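The chains referred to below are lettered A, B, ... by the order of the sequence lines, with proteins before strands, and numbering in each begins at 1. What you are looking at is a predicted structure, and each value in this text was computed from that prediction instead of being measured.
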Amino acid sequence: MALMVYNSLSRQKEAFEPLHPGRVHMYVCGPTVYNDAHLGHGKTYVNFDTIVRYLRYLGYQVLYVQNITDVGHMLDTGEDRIIQGARRERMHPMQLAEYYTRRYFADMDRLNVTRPDISPRATGHIPEMIVWIQRLIERGYAYEVNGSVYFSVSRFPEYGKLSGRRVEELRAGARVEVLDEKRDPADFALWKRAEPEHIMRWPSPWGEGFPGWHIECTVMSTKYLGQPFDIHGGGVENKFPHHECEIAQAEAATGLPFARYWLHNGMLMIRGEEMHKSLGNFITLQQAFERWEPMAIRFFILQSHYRSPLDVTDEALDSAAKGLERLYGAVRAVRRHLAAAPEGEADPAVLEMLEGARRAFEESMDDDFNTPGAIAALFEMTREVNALLNQSTSPTQGTLQAVDALYRRLAGDVLGVLPASLEEDAVAGMAQDLIALLIETRAALRQAKQYALADQIRERLAALGIQLQDGPQGTTWALR
RNA sequence: GGCGACGUAGCCAAGAGGUUAAGGCAGGGGUCUGCAAAACCCCGAUCGUCGGUUCAAGUCCGACCGUCGCCUCCA
């Protein structure tokens with residue numbers, strides 16, 4: 001079955017075919033680096049990271065670009081958020097942007113988000129933006145007023161094709177900012193004149209100023225990916241006006257289509273409400289990591305579809321963490337058995353089961369990256385694997401290697417929720433030997449029916465976070 | 001006010017016209033165990049409400065109720 005993706009532009013699922021066979025050029029709107037990343041960033045970048053990972057799994061060579069917005073967008077107060085942050089933290093604006101860029105990547109690393117191939121900074125592309133704006137003026141799509149440049153929405157009839165909005169409605173809307181110098185209230189800024197107190201400013205043909213809110217994505221995506229390129233992703237909240245404006249700028253300036261597939265992911269909610277500082281329900285990733293393992297958060301995110309809104313509650317995260325632990329338990333057991341397994345080829349019946357799991361996984365992922373379905377396939381496989389390990393005769397090395405390899409591929413490479421080595425592997429050799437010694441001693445005590453002492457060993461180890469599990473083939477242990 | 005999305009078991013969450021409505025968590029009952037843990041087996045929903053289309057509807061259409069998003073910076 002071929003990969004189908006929901007394209008926001010056509011509002012339906014379409015067969016995915018990249019412009020150049022075997023290659024995918026993809027852009028996702030990145031963060032504005034004026035503050036720590038929050039759970040919403042986590043959802044968005046885990047969602048798109050998983051999409052990139054699956055495309056690579058399918059064999060595509062993916063070029064993934066995600067910008068870093070280090071020029072502040074304007075707030076209602078007229079102040080730009082980078083500058084506001086700089087004042088708050090008493091840093092130079094560029095220092096602030098660099099500081100939060102590093103923290104952003106550190107958070108994403110913990111969520112096992114693969115770094116984009118290119119992370120272009122807006123401030124590094126001001127000359128390209130100026131050239132692009134000049135081209136829009138030359139072609140009659142933009143005009144200059146008092147050192148600012150605006151895009152003339154009425155000159156681009158397709159404005160609104162992504163978000164399903166019509167310009168007349170925008171004009172009628174009471175919330176559109178009315179600026180006298182704009183010819184039309186719906187027009188948007190390409191370049192803004194810098195007031196004297198504005199720190200972040202660049203020279204331009206229209207005087208000192210700074211770029212508008214949408215031009216960086218148009219310029220940087222096409223610079224590195226060409227035009228048109230395959231996939232443009234971002235959060236739904238950016239569909240309008242941000243993505244709509246990107247399209248207008250890109251297509252007006254060149255006459256070429258912009259992005260071929262638009263993917264929008266759903267918002268993250270906290271207990272049924274949008275996460276907002278003003279609501280006091282703002283949770284940074286750093287804060288979340290204090291309570292939940294980053295992998296559990298990633299797993300939680302992937303247990304719902306990327307296009308759905310995701311409501312975060314403590315209970316939901318706790319149960320996701322437990323579910324992931326179940327998956328890990330099976331992987332650990334497989335790897336532990338592998339060490340002592342008899343040599344031999346893989347059992348054809350098991351290979352068939354694995355093949356079925358792989359197929360179910362791919363069918364879900366092929367259907368617009370349905371990660372909940374893919375995870376379900378993994379759990380069905382896990383039930384079979386655990387049953388296999390419960391049998392009195394140990395599976396062969398070949399069988400266990402095949403099981404382990406599939407876990408690594410699907411849960412590890414594609415979903416990114418399975419580290420290459422689980423924490424037990426990190427327990428030093430000496431500690432492992434000592435645990436083995438205690439298990440042996442306890443086995444002898446049990447043989448002698450000295451259960452009180454045997455249980456004491458088990459309880460003391462449990463207190464240290466080492467849980468013993470007695471099975472038909474002896475005792476194993478796991479960190480809890 | 002305009003545009004859009006969603007409402008599936010106690011909780012989270014897939015499914016989108018047709019065999020027994022995935023999966024996870026929690027719960028109940030078993031198996032295994034000296035006991036426990038882990039694991040395995042069994043048990044639970046008729047799909048917001050009301051109409052309609054169809055041989056057949058969580059799945060399509062309409063109305064209503066509810067929740068949420070966008071329309072202003074937001075991942």
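A/Leu378 comes within contact range of no nucleotide atom at all, as no heavy-atom separation falls under 4.0 Å. Within 4.0 Å (heavy atoms only), A/His38 reaches at least one base atom of the nucleic acid. Looking at heavy-atom distances under 4.0 Å, A/Gly30 makes contact with sugar-phosphate atoms alone, never a base. Within the nucleic acid shown, A/Lys43 has no heavy atom closer than 4.0 Å to any nucleic acid atom. Among the atoms of the strands shown, none is found under 4.0 Å from any heavy atom of A/Glu315. Heavy atoms of A/Pro372 sit under 4.0 angstrom from at least one base atom. Using a 4.0 Å heavy-atom distance criterion, A/Tyr45 is classed as a sugar-phosphate-only contact. Residue contacts shown for A/Arg383 are limited to sugar-phosphate atoms, with no base heavy atom under 4.0 Å away. A/Gly40 comes within contact range of at least one nucleobase, with a heavy-atom separation under 4.0 Å.
For the pair A/Leu268 CG and B/C6 P, the computed distance is 18 Å after rounding to whole Å. For A/Glu380 and B/C40, the CD to P distance is 12 Å, given to the nearest whole Å. If you take CG of A/Leu317 and P of B/A13, they are 11 Å apart, rounded to a whole angstrom. Atom CG of A/Asp314 is separated from atom P of B/C11 by 16 Å (rounded to the nearest Å). Taking atom CD of residue A/Gln303 and atom C1' of nucleotide B/A14, one finds them 11 Å apart after rounding to whole Å. A/Lys161 has its NZ atom 19 Å from the C1' atom of B/G4, to the nearest Å. Rounding to whole angstrom units, CG of residue A/Leu327 and C1' of B/G24 are separated by 11 Å. Residue A/Gln391 contributes atom CD, which lies 12 Å from atom P of B/C41 at whole-angstrom precision.
Rounded to a whole angstrom, the distance from the P atom of B/C61 to that of B/A5 is 10 Å. Rounded to whole Å, the P atom of B/A39 lies 8 Å from the corresponding atom of B/C25. Between B/G48 and B/U8, the distance separating the two C1' atoms is 10 Å to the nearest Å. Comparing the same atom, P, in B/G28 and in B/C74 gives a spacing of 49 Å after rounding to whole Å. Separating the P atom of B/A57 from that of B/C47 is a span of 12 Å, rounded to the nearest Å. Across B/A14 and B/A22, the matching P atoms stand 15 Å from one another, rounded to whole Å. Comparing B/G10 with B/G17, their P atoms are spaced 27 Å from each other, to the whole Å. Comparing the C1' positions of B/U20 and B/C11 gives a spacing of 24 Å, expressed to the nearest Å.
You'll find a donor-acceptor pair under 3.5 Å spanning the side chain of A/Arg458 and the base of B/C35, going by distance alone. For B/G34, the base has a donor-acceptor partner in the side chain of A/Asp455 [N/O atoms by modelled type, under 3.5 angstrom]. At a cut-off of 3.5 angstrom, counting only N and O atoms as typed in the model, there is no donor on one side facing an acceptor on the other between the side-chain of A/Asn35 and the base of B/C74. Taking only distance into account, the side chain of A/Asp470 meets the base of B/A36 through a donor-acceptor pair shorter than 3.5 Å.
Remark: B/C50 base-pairs with B/G62. Criterion, Watson-Crick or G-U wobble with two distances under 3.5 Å. With a cut-off of 3.5 Å on both pairing distances, the Watson-Crick or G-U wobble partner of B/C3 is B/G69. Here B/C55 sits opposite B/G18 as a Watson-Crick or G-U wobble pair (both hydrogen-bonding atom distances under 3.5 Å). Pair assignment for B/C74 gives none, since no Watson-Crick or G-U wobble pairing has each distance under 3.5 Å. Pairing for B/C40 is with B/G30, a Watson-Crick or G-U wobble pair whose two hydrogen-bonding atom distances lie under 3.5 Å.
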Next item on the list: Could you give me the CA-CA distance, side-chain angles and deciding distance for A/Tyr64 and A/Thr114, then say whether side chain to side chain donor-acceptor pair (under 3.5 Å) is met?
Entry: CA-CA 10 Å; A/Tyr64 179 28; A/Thr114 313; over 6 Å; no
Notebook entry, point to check: When you look at A/Glu315 and A/Ser319, which way does the side chain to side chain donor-acceptor pair (under 3.5 Å) test go after all the steps?
Noted result: CA-CA 6 Å; A/Glu315 300 76 19; A/Ser319 48; over 6 Å; no
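Within the structure, a side-chain polar atom (N or O) of A/Arg326 is placed less than 4.0 Å from OP1 or OP2 of B/G24. Phosphate contact (OP1/OP2 of B/C74, side-chain N/O of A/Asn238, threshold under 4.0 Å): present. Phosphate contact (OP1/OP2 of B/A26, side-chain N/O of A/Lys322, threshold under 4.0 Å): present. Look at A/Ser308 and you'll find a side-chain N or O under 4.0 angstrom from OP1 or OP2 of B/A14.
For B/G34, the base is anti relative to its sugar; the glycosidic angle deviates from 0 by more than 90°.
In the set B/C35, B/A22, B/A14, B/A22 carries the atom at the smallest distance from any side-chain atom of A/Ala376. Set against B/U33, B/A39, B/G69, the side chain of A/Arg446 has B/U33 as its closest nucleotide. Ranking B/A37, B/A13, B/C68 by closeness to the A/Gln467 side chain, first place goes to B/A37. The side chain of A/Ala387 approaches B/C40 more closely than any other nucleotide in the set B/G23, B/C40, B/C73. When distances run from any side-chain atom of A/Glu237 to the nucleotides B/A38, B/C12, B/C70, the shortest one goes to B/C70. Closest to the A/Leu310 side chain, of the nucleotides B/A37, B/A39, B/A13, is B/A13. Across B/A13, B/G69, B/C35, the shortest atom-to-atom separation from the side chain of A/Ser304 is found for B/A13.
Checked against the 6.0 Å centroid threshold, A/Tyr104 and A/Tyr45 count as a close aromatic pair. For A/His243 and A/His214, the ring centers are positioned 6.0 Å apart or more.
No side-chain donor from either of A/Gln303 and A/Thr371 sits under 3.5 Å from a side-chain acceptor of the other.
Toward the 5′ end of RNA chain B lies the nearest nucleotide of A/Asn370, the other residue of the pair A/Asn370 and A/Leu468 mapping further downstream. The residue among A/Lys449 and A/Arg307 whose nearest nucleotide of RNA chain B is located toward the 5' end is A/Arg307.
Of the options A/Tyr54, A/Tyr261, A/Tyr6, a ring pair (Phe, Tyr, Trp, His ring centres under 6.0 Å) to A/Phe16 is made by A/Tyr261 and by none of the others.
Across A/Val385 and A/Val403, no two heavy atoms sit closer than the pair CG2-CG1, 3.8 Å. Minimum heavy-atom separation, A/Ser148 to A/Arg193: OG-N, 3.0 Å.
With contacts defined as side-chain heavy-atom distances shorter than 4.5 Å, the pair A/Met26/A/Phe229 does not qualify.
A stacking contact links A/Tyr451 to B/G34: the aromatic ring centre lies within less than 5.5 Å of the base's six-membered ring centre, and the planes differ by less than 30°.
Classification of the A/Phe258-A/His232 ring pair by plane angle, with boundaries at 30° and 60°, yields tilted.
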